[in-house]
Undergrad: 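Right, I'll just put the structure down here and ask away after.
Worth knowing before you read on, the calculation uses all heavy atoms, side chains too, and leaves out hydrogens, waters and symmetry mates. Since we're looking at a predicted model, the values are computed, not measured.
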Amino acid sequence: DNMLIAIGVDWNKNAGTEFYVVGYSASAGKWIGLDAINIASTKHSSQRWMQELIRLNFKWRPDWIYADEDGIILSPEKLDV
């Protein structure tokens with residue numbers, strides 16, 4: 001099954017940074033939750049969430065990355081470090 005994969009990113013000052021990875025299976029006709037990560041809000045959390053986004057990009061090779069801050073859509077190719 002060739003699944004379409006997307007990573008959603010939600011930045012929140014109180015709850016930290018939330019990552020949720022979903023996949024859409026056309027053959028099954030449904031969305032599937034694949035991964036969920038929370039990075040607690042700390043003074044070093046900006047470095048940590050960037051590392052986590054790079055790790056998730058490498059692990060899942062998503063078709064899209066959607067971040068809530070101003071509706072930014074990130075290109076997964078730009079995260080290949």
Undergrad: Does E18 have any side chain to side chain donor-acceptor pair (under 3.5 Å) partners at least two apart in sequence or in another chain, and if so, which?
TA: N38
Undergrad: Would you say that L34 contacts M3 through its side chain, given a criterion of any heavy-atom pair below 4.5 Å between the two side chains?
TA: yes
Undergrad: Rounded to the nearest 0.5 Å, how far apart are OH of Y24 and CD1 of I5?
TA: 14.0 Å
Undergrad: Return the minimal non-hydrogen interatomic distance between A67 and W11, and the atom names on each side.
TA: CB-CZ3, 3.2 Å
Undergrad: Could I get the full list of side chain to side chain contact (heavy atoms under 4.5 Å, CB included) partners for F19, not counting sequence neighbours?
TA: I7, V9, T17, I37, I39, W49, E52, L53, L56
Undergrad: Which pair of heavy atoms, one from Y20 and one from V22, lies closest together, and at what distance?
TA: CE2-CG1, 3.2 Å
Undergrad: Show every salt bridge (Lys or Arg N to Asp or Glu O under 4.0 Å) that has at least one partner inside residues 27-36, sequence neighbours left out.
TA: D35-K59
